[in-house]
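Comments concern the structure below.
Indexing begins at 1, ligand by ligand and atom by atom, following the structure's order. Remember, predicted model here, so these are calculated numbers, not experimental data.
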Amino acid sequence: MAQLWGGRFTGSINELAWNFNASISFDKRFLEVDVLGSKAHATMLARQGIITTEEKEQICDGLDSILSDVHEGKLEITSEYEDIHSFLEANLIKRIGDAGKKVHTGRSRNDQVALDMRLYARSEVEHMSELLFKMLKTLDDMMRQHTQTYMPGFTHLQKAQPVTLSHHLGAYFEMFKRDLLRMKDIYNRMNYCPLGAGALAGTTYPLDRDYTAQLLEFYGPTLNSMDSVSDRDYLIEFMSALSTVMMHLSRFSEEIIIWNSNEYRFVTIDDAYSTGSSIMPQKKNPDIAELVRGKTGRVYGNLMSLLTTMKGIPLAYNKDMQEDKEAFFDSIDNTSNCLTLFTDMLATLKFNEDNMKKSAMLGFTNATDAADYLVNKGMPFRDAHSVIGRLVLFCIDKNCAIDDLSLEELKSFSEMFDKDIYDAISLETCVNKRLTVGAPSPDAMKKVIALNANFLETFALK
Ligand code: ARG
């Protein structure tokens, strides 16, 4: 056990307590960001004359050599150390001696870990934005291809009105676009540097916090040292945004599972993203989509866990806060895997366009348009609704679509029906006439696709 804080102690710590307290098994992810932060801190200490330039160089070179030794497998991060900060400092001292003992001047592990988490989370916001961007590009491609691929739109999972696949996918484009914009908000709110806050009350050394913030590409330093070491709001926001991403992925998964079912057969999932059954040879299961839907639960759970951890913590740092890491890392890992896999699965999905079209034609999805036809001929809407209602009942009995009825049959429900009814209620007409902004007609979709293209071209995270 190699601890940083032995001086005040006479006895040694209980082994279980040591393991319980230690965080190295999971905060070793901070290796790179901890080195980055310590180098910036040492650079600032030298510029302020708190350590010499030579010491700063020894510190930076020493940290770089530890980093490359770990990367090359020459040095192992072991549970002998309490956390990644202790591991790095102890190894630095081993390598460069006294200069290594100065790296922690004017710093506490509280602001050190706060900085590491910010740096790590910031790069994860960038990573998630890239994944969301890729999802949007994939959807954009598909939307362009399918402006005339007809399918039923549903309410209550009952066929409602015809739409196109482009339009249906466009709904997800909007959801993931908002998710991406949430990443931008989070980035811009969190991008302030907590380094220099010390344990909670700053320090008496003449640190230049603006300079370290600038070195680490933050917009500036955080403005209250107690808040700096105990703020986890940005993680909660981020995990909440990840939960929303997962909620969208989960809804989309649910649709793919339904569309892939034997009853629907709207899609065929590529073999690369499905699995079989150990007993039933005919099976091809949508496991990836089901797992994405399943993993949504744990991402929500992680958010609840951190919110609950934070709710009773008095200012400033308390060890409870170490619990932020595993929950956060789990949300990051799972959301990133789900986004990556789901986007790839989507890009390779085959749509059975004939089945989708047939399904749209068979479900009375043109009933509203048939009522609108009568309204255009002068019938009040409520009466037209009732005429078409009776007509649908008649068709259900005959097991046919409205389009299959003869003009005579139609006229027995209303004299207002004429030959032009067939064209008025064809699938194409029903969709093509829906021209308002955001509606499914190919013309309306093309305008939205152009707006989306502009969004994709001009989007910037910072
Ligand atoms: N492993 C700790 C954490 O994750 C680092 C900070 C330790 N600070 C302390 N005062 N014990 O929160």
Side-chain angles (χ1 to χ4, degrees), residues 1-9 11-38 40-41 63 70 77-93 103-124 190 193-203 212 222 224-236 238-239 302-303 305-333:
M1 293 173 201
Q3 66 260 59
L4 293 172
W5 34 262
R8 190 216 177 282
F9 291 76
S12 52
I13 190 168
N14 168 287
E15 197 183 328
L16 188 57
W18 169 265
N19 292 332
F20 187 68
N21 182 60
S23 53
I24 193 142
S25 62
F26 47 87
D27 68 18
K28 59 183 173 198
R29 283 194 195 220
F30 287 159
L31 177 74
E32 287 80 9
V33 288
D34 202 85
V35 166
L36 192 70
S38 290
H41 183 62
L63 288 169
V70 174
I77 302 175
T78 62
S79 56
E80 180 193 346
Y81 303 94
E82 180 184 340
D83 52 29
I84 193 67
H85 325 295
S86 324
F87 166 82
L88 278 163
E89 191 175 320
N91 277 282
L92 186 66
I93 295 168
V103 67
H104 210 53
T105 314
R107 188 174 71 170
S108 154
R109 269 189 300 170
N110 296 352
D111 60 343
Q112 187 177 2
V113 78
L115 172 68
D116 288 3
M117 193 56 140
R118 284 254 177 170
L119 288 170
Y120 184 81
R122 187 176 68 177
S123 73
E124 285 303 326
M190 71 175 279
C193 183
L195 189 61
L200 76 163
T203 146
T212 35
T222 50
N224 181 290
S225 59
M226 288 173 86
D227 178 53
S228 307
V229 291
S230 49
D231 167 28
R232 300 292 181 273
D233 293 8
Y234 66 100
L235 293 180
I236 290 169
F238 192 10
M239 287 161 81
N302 292 332
L303 169 65
S305 148
L306 185 56
L307 277 168
T308 313
T309 298
M310 293 305 293
K311 77 185 256 296
I313 302 185
L315 290 176
Y317 178 85
N318 294 263
K319 192 68 177 233
D320 320 37
M321 289 171 170
Q322 179 167 289
E323 286 295 308
D324 60 357
K325 289 171 198 62
E326 285 160 294
F328 176 63
F329 296 157
D330 188 74
S331 285
I332 288 289
D333 294 347

State which residues pass ring-ring contact (aromatic ring centres under 6.0 Å, His included) with Phe329; sequence neighbours excluded, sorted by chain then number. Phe30, Tyr120
Cut-off 3.5 Å, no hydrogens considered: what does the side-chain donor-acceptor table look like for residues 309-317, sequence neighbours left out?
from   : atom 1 : to     : atom 2 : distance (Å)
Thr309 : OG1    : Ser305 : O      : 2.9

Between Lys325 and Asp83 (salt bridge meaning N to carboxylate O under 4.0 Å), is one present in this structure? no
Assess whether side chain to side chain contact (heavy atoms under 4.5 Å, CB included) is satisfied between Phe328 and Arg232, documenting all intermediate values. CA-CA 11 Å; Phe328 176 63; Arg232 300 292 181 273; over 6 Å; no
Could you check ligand 1 for N or O atoms lying under 3.5 Å from protein N or O atoms and list the pairs with distances?
from     : atom 1 : to     : atom 2 : distance (Å)
ligand 1 : 1 (N)  : Ser23  : OG     : 3.1
ligand 1 : 1 (N)  : Gln322 : OE1    : 2.7
ligand 1 : 4 (O)  : Lys325 : NZ     : 2.6
ligand 1 : 8 (N)  : Asn110 : OD1    : 2.9
ligand 1 : 10 (N) : Asn110 : OD1    : 3.0
ligand 1 : 12 (O) : Tyr317 : OH     : 2.5

Side chain to side chain contact (heavy atoms under 4.5 Å, CB included) against Thr105, all qualifying residues, sequence neighbours excluded: Leu45, Ile50, Lys102, Tyr205
Is it true that Arg109 and Glu82 make a salt bridge, defined as a side-chain N closer than 4.0 Å to a carboxylate O? yes
